[in-house]
Structures are given as structure tokens and as C-alpha cells.
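Keep in mind that what you see is a predicted model, and the values were worked out from it rather than measured. Just so we're on the same page: letters track the sequence lines, and every chain starts at 1.
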Amino acid sequence: TQLLEQSPQFLSIQEGENLTVYCNSSSVFSSLQWYRQEPGEGPVLLVTVVTGGEVKKLKRLTFQFGDARKDSSLHITAAQPGDTGLYLCAGAKGNKLVFGAGTILRVKS
Amino acid sequence: SAVISQKPSRDICQRGTSLTIQCQVDSQVTMMFWYRQQPGQSLTLIATANQGSEATYESGFVIDKFPISRPNLTFSTLTVSNMSPEDSSIYLCSVVGQWSSYEQYFGPGTRLTVT
């Protein structure tokens, strides 16, 4: 059973469209991180959210942490082909990270 | 964030053989982690490697199959022993960030194919 449920698993959209990726759990996490990974590379940390209800923006990316610190979302505005990649959420349990299943995003030009 | 390198970047190995993957960090770090990742899928933690102590393995992973060394604060190795095609995967090392106890930074990975 996946501790962190991530959806959707796959998303193929046209350039300029908006999208949201969800990460849900029944467990409370001390923090939640979002990573982006491109083929042949390791995951790259995008953001860490710590406080319940927190919202962080990184250019066209908006990250939200649920009030109860059990869920999070990543919203991308006006997606570009450069956003293509595997997006992973990861919840912190002590020093360890629990990863969601990942969302493969493909943005077509 | 730390700069992490891994060797080899990829390898093709025959079943029954072993491969040792190296992870080098450009700064001293206490905690290092080894993960396995099927292409296009999520990461599964294999073990936590702290310098000066035995590695701690997650459920489903054992030391005989995945021995780990951590001789100093900048280096670690993971050996995949007696390989089978099911071991074909990407193996990644990571370290905890200097200013955080939970943010992790990853190496580029080692893509292993077992034939």
C-alpha cells in the first residue's frame, strides 16, 4: 500500500495549458517536498513545504500544503515543453522520505 | 546544495556477477541514502548509511544482497550482489542537506541492466 498517493500517474497536455498534481496521504508529515526528474538525471528538489496551509510559488509553479499536513498539490500555470519530466512528492518521516508513485508530465508544443 | 557524483553512470552486467556503485560528495555529510528506481517510476529506499556504523536496511532489502560501505563522510559504495534481471534498475544515492534534516539531494544515478 502506497503511503503517499499521487495523481494523476500520467499527464499529456498542450503548451499553455494549466495542470494540477495531487499528493494525498492518511499520515501526517513533518514536511513535504516536490522533486522534478529528467531522464538520466537524479531528482532535483523544487520546494519544501513545512507549515499546514502553506503556499509557495516558484515562477509558474504553485505548491500548497494541506492544513492537516497530510496532502499537497502542485499547480503549473501555462505549461511549457521544458516542464516535461517526472514529478515526485515526498513526505518526511524523521530523516527518511516516503515518495509518491510519481506523475509523468509531457507538454507538447 | 551538495554536488554528488556516481560511478559508473551505467553498466550492463551478466547474471550472477556483482557490481559496486560509488557515490562521492563534495562536502562532509552525516547521512547518505541509497535508493532503487525502476525507469519512470518512484524511488524505493534501500538503506541508510551513516559513517562509523552499520547501514540500516529497509524491509525487503538485506545486507548480503546489497552490502554498503561508508568509510568516510564524503564517500559510500553500494554493491549489488549475485545479480539477476530483476535487479535491473536505476540506483541513486542521496544526502541530507546541510541546513535541513529532511531535504535530500540526489546523485545522477547508475542505470544497471542485468542480462
Asker: Can you tell me which portion of B:Q104 sits under 4.5 Å from chain A's heavy atoms? Options are side chain, backbone, both or neither.
Answerer: both

Asker: Between A:Q9 and chain B, with a heavy-atom cut-off of 4.5 Å, which part of the residue counts as in contact: side chain, backbone, both or neither?
Answerer: neither

Asker: Between A:F99 and B:Y35, is the gap from one ring center to the other below 6.0 Å?
Answerer: yes

Asker: Side chain, backbone, both or neither: which part of B:L92 has a non-hydrogen atom closer than 4.5 Å to chain A?
Answerer: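 For B:L92, the side chain is the part near chain A, not the backbone.
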
Asker: Considering only heavy atoms, which portion of A:V50 lies under 4.5 Å from any heavy atom of chain B: side chain, backbone, both, or neither?
Answerer: side chain

Asker: Based on non-hydrogen pairs under 4.5 Å, which of A:L86, A:L88, A:V44, A:L97 is most in contact with chain B?
Answerer: A:L97

Asker: Does a donor on one side chain sit under 3.5 Å from an acceptor on the other, for B:Q51 and B:S53?
Answerer: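 Not at all, the side chains of B:Q51 and B:S53 share no donor-acceptor pair under 3.5 Å.
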
Asker: Taking side chain as everything from C-beta outward and backbone as N, CA, C, O, which of these in B:T48 sits under 4.5 Å from a heavy atom of chain A? Side chain, backbone, both or neither.
Answerer: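 The side chain, not the backbone.
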
Asker: Is any side-chain N of the basic residue among A:R60 and A:D83 closer than 4.0 Å to the acidic one's carboxylate O?
Answerer: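 A:D83 and A:R60: salt-bridged.
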
Asker: What part of B:Q6 gets within 4.5 angstrom of chain A, counting heavy atoms only: side chain, backbone, both, or neither?
Answerer: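 For B:Q6, there is no contact with chain A at all, as no heavy atom is under 4.5 Å.
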
Asker: Heavy atoms only, distances under 4.5 angstrom: which of A:G40, A:S30, A:G42 has the most pairs with chain B? Name it, please.
Answerer: A:G42

Asker: Ignoring hydrogens and geometry beyond distance, is a side-chain donor-acceptor pair present between A:Q6 and A:T103 at under 3.5 Å?
Answerer: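 A pair is found: one side chain offers a donor N or O, the other an acceptor, under 3.5 Å apart.
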
Asker: Within a radius of less than 6.0 Å around OH of B:Y57, do more than 12 heavy atoms belonging to other residues, nucleotides or ligands occur?
Answerer: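 Count over threshold, so yes.
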
Asker: Is A:K93 close enough and on-axis enough to A:F29, meaning under 6.0 Å and within 45°, for cation-pi?
Answerer: yes

